[in-house]
Amino acid sequence: MFILVFKLNSSIIHYQQSNLLKICDDLQFPFRFYLVVTFLIFEANFETIYNTIMKISKAFIPTLKEDPADAVIPSHKLMVRAGMIRMLSAGIYSFLPLGYKVIKKITKIIREEMDAIGGQEFHLPALNPKEIWEQTNRVEAFGDTMFHIKNRDYVLAPTHEEIMTYHAKGVLKSYKEMPQIWYQIQTKFRNEARPRSGVIRGRQFLMKDAYSFDSSWEGLDASYKLHDNAYRNIFDRCGIKYFIVGASSGAMGGSKSEEFMVKSDAGEDTVAHCESCGYAANVEVAQSKIDPVERHEESKEFYEISTPNIKSINELCEFLKIDERQTAKSRVYVFNNEPVLVLMSGNDDVNETKLESVLGCAVRPGHPDELKEITGADAGSIGPIGFKHKIIADLRLENANSLYSGANKNDFHIGGIDLKRDVPNIEYYDLRTVESGEACPKCGEKLEVFKAIELGHIFKLGTKYSESLGAMFLDENGKENPIIMGSYGIGVERVLACYIEQNYDERGILWDNNLGPYQIHLLGLNMKKDKVIETSEKIYATLSQNGYEVLFDDRKGVQAGFKFADADLIGLPLQVIVGERALKENMIEIKVRRTGERVKVNLDKVYDKVAELLK
RNA sequence: CGGGGCGUAGCGUAGUCCGGUUAGCGCGCCUGCUUUGGGAGCAGGAGGUCGCAGGUUCGAAUCCUGCCGCCCCGACCA
């Protein structure tokens, strides 16, 4: 059998076909049978050989010279231009062979790391009975984001907590059977109101989601830690530069949660990050060390100032020739139908997430006409003196005095305000949004605030789903408890897109050896010359037989420049260039895509050099 | 869902304001010849319901109404 496998492998290389059926067609009856048997037994081995070589003349790799009109971010443009994806509808993409090869590489890494922590892979239905989702109240929670089937009571699964818990229920009945880690890599469906950034936010997308089932909170901690490590390994192996943000787990419930983020202008989250100590937090909760507004020794009585047409803090500072820190900006919000005045120092931004957690409910900025009714003045002239409702202020203003703020009368401000003396019922909270350049709360170095893409999210779910679905187990004392769960997700396409966002230049993508669809781009420059054909075919065979993944540009009648441009666009790590010029000296050229470095090597040293460069 | 932009050949686009030849150009595609180390040259050719529907008009890519699709900003985002 091994001999047969060997023969088949070489025959596959010899045929250089990408298609099993074609190979079958070319074989006589008994060999066909053996091929199929061998394929079944040695599938993994076969797959490696079967997938790794391709001639461009036979491949479907529709590259584009120009940027597609509807793509904005680099990864989207490059994925379309390199022939990896095509859009079918807004937020719905087909992966073409080249793009799908990268997806398979990413999922292979994910599978290896998930299996390494004891994960077991499932294949679950995307079509789910709505009833299960109603039991956890998530039909309502997801609302319009969930796709509903029209002619049957099914929904398209946007994630799989419910289904995994459903399978755990009644089966994981004893503490002895735990822990368990179950995962799947499958398509999820979400009716996003606005898909964007190519594959980064789609209406259907590939997600690896894993769930841990434990009988104790310590067990959950251990499962969480395993995933934390696995995720670091996965993103490291994918060559992604990421950072980790501690976050609240929001409406999912549960306690601890971490997000694996990538810095990107295309991101949908804003985070504060400290390069030096690694502190990272969503800007919604991020803190910084800032100087409080100092209290002056003398505190004179407050007084009204005429400030015609002065609305903004900047205008006020200019008009009165004062520093921003001497002002208190007023913002009126409405919560539970009650107005609240929020005082901030200077131009500091109100952080509405922090405000909501302070007030314990949703807030909204007051409408212009409401402001007039509540305060007697328009925005720009509102202040704490004479304000009759709840007043809270940012910590930075704690006990400050000699402040300027609005007079609740248009075109007037008040100076000499002493919050301690004049606003007795004021409460102070951290309410401001951190800004780039402020000091890290942990180490004091400078924080950077930027947009980021969420690649992965791990969190401790607790018992929310096991309780609502009744997934219970018996503990050591024979007592029934809900299973303690964790939930861990990775956006597979986002890994791909983020890799490209971090690895491209003006000519195209820059693949590393581990994620690239192939390792080597072999270019036969003039495929009408016998010597070029002969040499490049030989190199193709040699590299293939040695297990390298080779994309061979064997197209006849395509100009050298065209081939170079395609090779740079697709961006495989190495380009092996066979051209007449170097062949005269018995040499071929090897170009390292990332650095642009070119080396000439003798024909009999090609394999050694490739091996060295791809190490 | 709110605001803005766009929809013309496989891709990128001109023409639309101010209605009037056979809807133009670049790339790509097909045939032939030449060319072959950074997106070739010449010659010939194929390819269009101008997003869809209705209306105005002698005449509509162009004006009007409705709808659909796509992109961007915002809202939303377990």
Side-chain angles (χ1 to χ4, degrees), chain A residues 62-73 76-77 80-81 83 86-92 133 136-146 157-162 188-198 200-203 205 207 209 211 247-254 257 259 265-269 282 284 352-353 362 364-365 453-454 457-459 461 464-465 487-489 491 506-508 523-529 531-533 553 555-569 575 577-584 587-589 591 596 598 600:
Chain A
T63 57
L64 296 175
K65 190 172 168 179
E66 288 167 293
D67 282 338
D70 53 6
V72 175
I73 64 168
H76 186 196
K77 289 177 183 173
V80 175
R81 283 191 53 208
R86 283 284 165 99
M87 187 176 78
L88 183 62
S89 180
I92 305 177
W133 289 84
T136 54
N137 208 23
R138 287 177 105 202
V139 173
E140 197 190 334
F142 272 104
D144 198 43
T145 304
M146 181 180 263
T159 172
H160 277 85
E161 277 84 5
E162 277 77 358
K188 313 284 168 177
F189 299 86
R190 292 184 197 182
N191 185 23
E192 297 292 351
R194 181 152 96 84
R196 69 185 98 176
S197 305
I200 287 176
R201 190 174 189 78
R203 293 212 169 109
F205 55 96
M207 181 159 115
D209 51 329
Y211 306 91
S248 65
S249 28
M252 285 298 294
S257 137
E259 291 172 334
D265 289 337
E268 299 174 313
D269 294 280
N282 194 303
E284 289 176 348
E352 292 180 9
T353 308
R364 62 170 176 84
I453 296 169
E454 180 188 341
H457 196 168
I458 59 177
F459 52 84
L461 266 187
K464 178 178 155 86
Y465 295 94
S487 166
Y488 318 89
E506 64 286 352
R507 293 172 185 275
L523 294 88
L525 289 192
N526 183 352
M527 291 299 280
K528 284 182 180 168
K529 300 287 179 186
K531 181 132 193 231
V532 176
I533 298 171
D553 196 341
R555 290 173 293 182
K556 290 181 169 51
V558 174
Q559 297 280 305
F562 203 102
K563 293 191 175 188
F564 283 130
D566 261 0
D568 287 345
L569 174 61
Q575 293 172 14
I577 302 158
V578 182
E580 284 182 284
R581 208 166 72 185
L583 273 183
K584 281 181 192 147
M587 310 275 262
I588 61 101
E589 205 171 338
K591 175 179 156 182
R598 291 158 181 272
K600 273 189 184 172

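Order of the sequence lines sets the chain letters (A, B, ...), proteins ahead of strands, with each chain counted from 1. Remember, predicted model here, so these are calculated numbers, not experimental data.
Taking atom CG on A:Asp70 and atom P on B:rG51, their separation rounds to 16 Å, with Å as the unit. Atom CG in A:Leu88 sits about 13 Å away from atom C1' in B:rC70, given to the nearest Å. Taking atom NZ on A:Lys77 and atom P on B:rG12, their separation rounds to 13 Å, with Å as the unit. For the pair A:Ile200 CD1 and B:rC77 P, the interatomic distance rounds to 20 Å; values are reported in whole Å. If you take NZ of A:Lys563 and C1' of B:rU36, they are 9 Å apart, rounded to a whole angstrom. Rounded to whole angstrom, the span from the CD1 atom of A:Ile92 across to the C1' atom of B:rC70 amounts to 13 Å. Taking atom CD of A:Glu352 as the reference point, atom P of B:rC76 lies 9 Å away to the nearest angstrom. We find that CD of A:Glu66 is positioned 8 Å from P of B:rU13, with the value rounded to whole Å.
You won't find any donor-acceptor pair under 3.5 Å spanning the side chain of A:Arg194 and the base of B:rC1, going by distance alone. Remark: the A:Lys556 side chain and the B:rU36 base include no donor-acceptor N/O pair separated by less than 3.5 Å.
Using P as the reference atom, B:rA53 and B:rG69 are 16 Å apart when rounded to the nearest Å. Only the P atoms considered, B:rG20 is 11 Å distant from B:rA60, to the nearest whole Å.
With B:rC72, B:rG12, B:rG37 as the choices, the nucleotide that has an atom nearest any side-chain atom of A:Arg581 turns out to be B:rG37. Looking at the side chain of A:Ile577, the nearest of the listed nucleotides B:rC70, B:rU36, B:rG37 is B:rG37. Counting only heavy atoms from C-beta on, A:Asn526 has its side chain closest to B:rU36 among B:rU36, B:rC71, B:rC27. In the set B:rG37, B:rC70, B:rG39, B:rG37 carries the atom at the smallest distance from any side-chain atom of A:Ala560. Counting only heavy atoms from C-beta on, A:Leu525 has its side chain closest to B:rG37 among B:rG39, B:rU36, B:rG37. In the set B:rU35, B:rG37, B:rC71, the nucleotide with an atom closest to the side chain of A:Met87 is B:rC71. Side chain of A:Arg196, nearest nucleotide from B:rG74, B:rG39, B:rG37: B:rG74.
Heavy atoms of A:Arg507 sit under 4.0 angstrom from at least one base atom. Within 4.0 Å of A:Ser197, counting heavy atoms only, lie sugar-phosphate atoms of the nucleic acid but no base atom. The residue A:Met146 sits apart from the nucleic acid: no heavy atom pair falls under 4.0 Å.
With respect to A:Glu161 and A:Arg138, a salt bridge is recorded, a charged nitrogen being found less than 4.0 Å from a carboxylate O.
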Legend entry - Annotated protein contacts, base or backbone, on nucleotides 40-49 of chain B with a non-hydrogen cut-off under 4.0 Å, one of B, S, - each: B---------
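Applying the side chain to side chain contact (heavy atoms under 4.5 Å, CB included) test to A:Asp269 and every residue at least two apart in sequence or in another chain returns A:Met261, A:Asn282, A:Glu454. Remark: A:Lys529 engages A:Asn526, A:Val532, A:Glu580 in a side chain to side chain contact (heavy atoms under 4.5 Å, CB included) (not counting sequence neighbours). For A:Met87, the side chain to side chain contact (heavy atoms under 4.5 Å, CB included) criterion is met by A:Asp70, A:Tyr93, not counting sequence neighbours. With sequence neighbours excluded, the residues forming a side chain to side chain contact (heavy atoms under 4.5 Å, CB included) with A:Ile92 are A:Leu88, A:Ser89, A:Arg203, A:Gln204, listed by chain and number.
A donor atom on one side chain and an acceptor atom on the other are found under 3.5 Å apart for A:His457 and A:Ser257.
The nearest pair of heavy atoms linking A:Lys188 to A:His160 is NZ-ND1, 2.7 Å.
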Inset, instruction - Show your reasoning for whether side-chain contact (heavy atoms from CB on, under 4.5 Å) applies to A:Thr159 and A:Phe142. - result: CA-CA 11 Å; A:Thr159 172; A:Phe142 272 104; 3.9 Å; yes
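Distances shorter than 4.0 Å separate some side-chain N or O of A:Ser89 from OP1 or OP2 on B:rC70.
With pairs defined as Watson-Crick or G-U wobble and both atom distances under 3.5 Å, the stems of at least three pairs that touch RNA chain B come out as B:1-7 with B:68-74, B:10-13 with B:24-27, B:29-34 with B:40-45, B:51-55 with B:63-67.
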